[in-house]
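Take a look at the structure set out below.
In what follows, chains are A, B, ... by sequence order, proteins preceding strands, each numbered from 1. The analysis underlying the following values was restricted to heavy atoms, covering all of them including side chains, and did not include hydrogens, waters or symmetry mates.
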Protein chains: 2
Amino acid sequence: MAEHEESRCENCIIRELNSLKALKKEELKAISDSKVSRSIKKGEALFKEGEKLGGVYCVRNGVSKLSKISDNGKDQIVKIASKGEVLGQRSMISEEGTNLSAVALNDMEVCFIPKDQITGRIQDNPAFTQAILKHMAHELKIADDFIVNMAQKTVNQRLAEVLLYLSTTFGTDEEGYLVLILSRADIADVVGTATELCIRTLAKFKKQGLIETKGKRIKILDQSGLEKLKDGFQ
Amino acid sequence: MAEHEESRCENCIIRELNSLKALKKEELKAISDSKVSRSIKKGEALFKEGEKLGGVYCVRNGVSKLSKISDNGKDQIVKIASKGEVLGQRSMISEEGTNLSAVALNDMEVCFIPKDQITGRIQDNPAFTQAILKHMAHELKIADDFIVNMAQKTVNQRLAEVLLYLSTTFGTDEEGYLVLILSRADIADVVGTATELCIRTLAKFKKQGLIETKGKRIKILDQSGLEKLKDGFQ
DNA sequence: CGTTGTATTGATTCATCTCAAAGGTGGTGG
DNA sequence: CCACCACCTTTGAGATGAATCAATACAACG
């Protein structure tokens with residue numbers, strides 16, 4: 001019976017990770033009836049910057065990069081979103097086109113939830129609105145910190161920070177390698193530097209015994225070393 | 001009679017500029033009864049990063065810089081707030097200490113509104129919550145754009161952008177000089193560079209006929225020239 | 001009219017970008 | 001299983017951008 005399918009929002013554990021947990025059972029059922037599941041292949045775009053979205057995407061599996069192309073043509077990754085994140089939420093609330101592009105870093109499964117389901121709940125469920133508000137306030141803090149980092153820290157510091165972030169956020173496998181595997185170009189786009197410098201800096205970290213690499217994969221050997229680096233003790 | 005004092009929130013035009021306009025008359029009266037007016041002298045801090053705030057500040061007059069000190073000791077200005085802005089809102093919502101310091105760039109008049117007045121209205125006035133949410137979504141977009149700019153643009157481009165921003169946001173006087181006068185150090189802290197480079201770049205702009213200076217004051221001569229610069233046409 | 005803080009300039013060093021080329025890797029079809 | 005192609009990584013070297021330190025010039029202010 002539909003009541004117990006795992007594909008129903010009411011039964012989806014993912015929603016515990018985001019603002020949707022503030023919704024009541026009936027509301028979730030309504031959302032579930034109108035949502036559409038979608039598979040996104042690695043490299044495909046969920047949406048591109050400027051696009052008008054008809055709803056939001058709730059990430060069930062996989063990881064997406066949120067990036068924007070600057071006026072001089074280089075891509076900057078602003079955020080990496082994974083399981084539980086709701087994409088397109090911000091642009092829907094401020095009623096604009098999306099500010100960022102979302103591209104899958106590996107194969108993804110997402111649920112598309114039509115706009116009116118979300119705006120409707122924002123209208124009539126204060127607890128939901130407050131949950132989103134709180135989440136967005138937190139995002140804003142992170143963004144402010146990011147600004148300061150980009151503006152004031154060196155590539156060395158930023159790369160160290162990104163490696164630590166990838167480790168704590170996505171974890172490591174049995175061998176100690178970072179689970180989320182990014183191309184050097186993507187890492188560079190997070191750090192905000194040229195791919196070559198990113199590679200050279202990784203090589204330097206390796207020489208210093210801070211990390212180890214195996215193809216694209218990266219293993220952190222000396223976490224506290226990276227932490228010192230990130231805070232500016234060269 | 002108190003009903004018609006201009007110091008009453010109900011009669012304060014400032015609130016039209018921010019989320020407080022979503023409040024009802026009775027709610028404004030309650031806020032007005034508990035608010036405290038404060039004068040801040042140029043250079044004084046409204047609050048410092050990490051501080052726990054007992055409420056928010058609504059700016060009635062003057063301008064404040066919101067900045068944060070990075071791990072390597074340099075200050076980065078993240079935002080410039082003026083009339084109508086509510087400061088401390090974000091940290092109150094996410095129930096943390098403030099992430100940024102607020103320092104007056106000129107003499108200010110602010111109203112301090114106790115925390116429970118705001119959180120109370122967020123609890124019981126959905127229109128208010130939605131107004132804040134929408135505002136915060138917009139702030140987040142601005143922050144993301146800022147990240148991309150800091151990460152990908154040169155000092156040249158960023159400085160051009162800041163000058164245009166100061167012009168459109170705070171305007172110019174009869175002679176065409178920017179109304180908001182910042183020290184070179186503050187401009188550098190917005191741009192995210194060293195004061196010397198900021199000065200040198202301003203000198204370059206002057207030589208190119210884009211701007212004119214008179215002491216601290218800056219006059220934009222060629223707006224479209226700056227716009228081209230900002231977009232990377234050197 | 002000095003004093004203080006800010007603005008300006010020069011010279012040097014360091015960080016980062018860019019272009020160009022060489023080396024790897026994985027996937028695909030024969 | 002091998003050969004080939006496309007794509008990604010790595011390295012080199014040179015040009016440019018930006019930070020830094022030190023010294024001088026201004027401007028505001030009492």
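Sparse packing is recorded around NZ of B:K115, with 12 or fewer heavy atoms of other residues, nucleotides or ligands lying under 6.0 Å away. Within 6.0 Å of NZ on A:K83 lie no more than 12 heavy atoms contributed by other residues, nucleotides or ligands.
The overall bend of the helix from C:dC1-D:dG30 to C:dG30-D:dC1, read as the angle between its terminal helix axes built from five base pairs each, is 40° when rounded to 10 degrees.
Residues B:K65 and B:D186 are paired through a salt bridge, judged by an N-O separation under 4.0 Å between the basic side chain and the carboxylate. Ionic pairing of B:K153 and A:D71 is present here: one or more N-O contacts between side-chain nitrogen and carboxylate oxygen are shorter than 4.0 angstrom.
In this structure, CG of A:L159 is placed 16 Å from C1' of C:dC17, rounded to the nearest angstrom. Atom NZ in B:K204 sits roughly 11 Å away from atom C1' in D:dA18 (whole-Å rounding). Across the protein-nucleic acid pair, A:R200 atom CZ and D:dT10 atom P stand 11 Å apart, rounded to whole Å. Put simply, CG on B:L202 is 14 Å from C1' on C:dT6, counting in whole angstrom units. Taking atom CD on B:Q157 and atom C1' on D:dG17, their separation rounds to 12 Å, with Å as the unit. Atom NZ in A:K216 sits roughly 10 Å away from atom P in C:dG26 (whole-Å rounding). If you measure from atom NZ of A:K153 to atom C1' of C:dT16, you get 18 Å, rounded to the nearest angstrom. If you measure from atom NZ of B:K214 to atom P of C:dA7, you get 17 Å, rounded to the nearest angstrom.
A:E175 meets the side-chain contact (heavy atoms from CB on, under 4.5 Å) test with A:D173, A:Y177, A:K214, A:R217; sequence neighbours excluded. Residues passing the side-chain contact (heavy atoms from CB on, under 4.5 Å) test with B:K42, sequence neighbours excluded: B:D107.
Of all the residues in residues 173-197 of chain A, A:T193, A:A194, A:E196, A:L197 reach under 4.0 Å from DNA chain C with at least one non-hydrogen atom.
Between the CZ atom in A:R90 and the CG atom in A:L100 there is a gap of 7.0 Å [rounded to 0.5 Å]. Considering NZ of A:K79 and OG of A:S67, their distance stands at 13.5 Å, rounded to 0.5 Å.
Pairs of residues two or more places apart, or lying in two chains, that qualify as ring-ring contact (aromatic ring centres under 6.0 Å, His included) and include a residue from residues 69-115 of chain A are A:Y57-A:F112.
Residue A:K74 has a polar side-chain atom (N or O) positioned under 4.0 Å from OP1 or OP2 of C:dT18.
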Footprint string (nucleotides 24-30 of chain D, 5' to 3'): B base within contact, S backbone only, - free, heavy atoms under 4.0 Å: -------
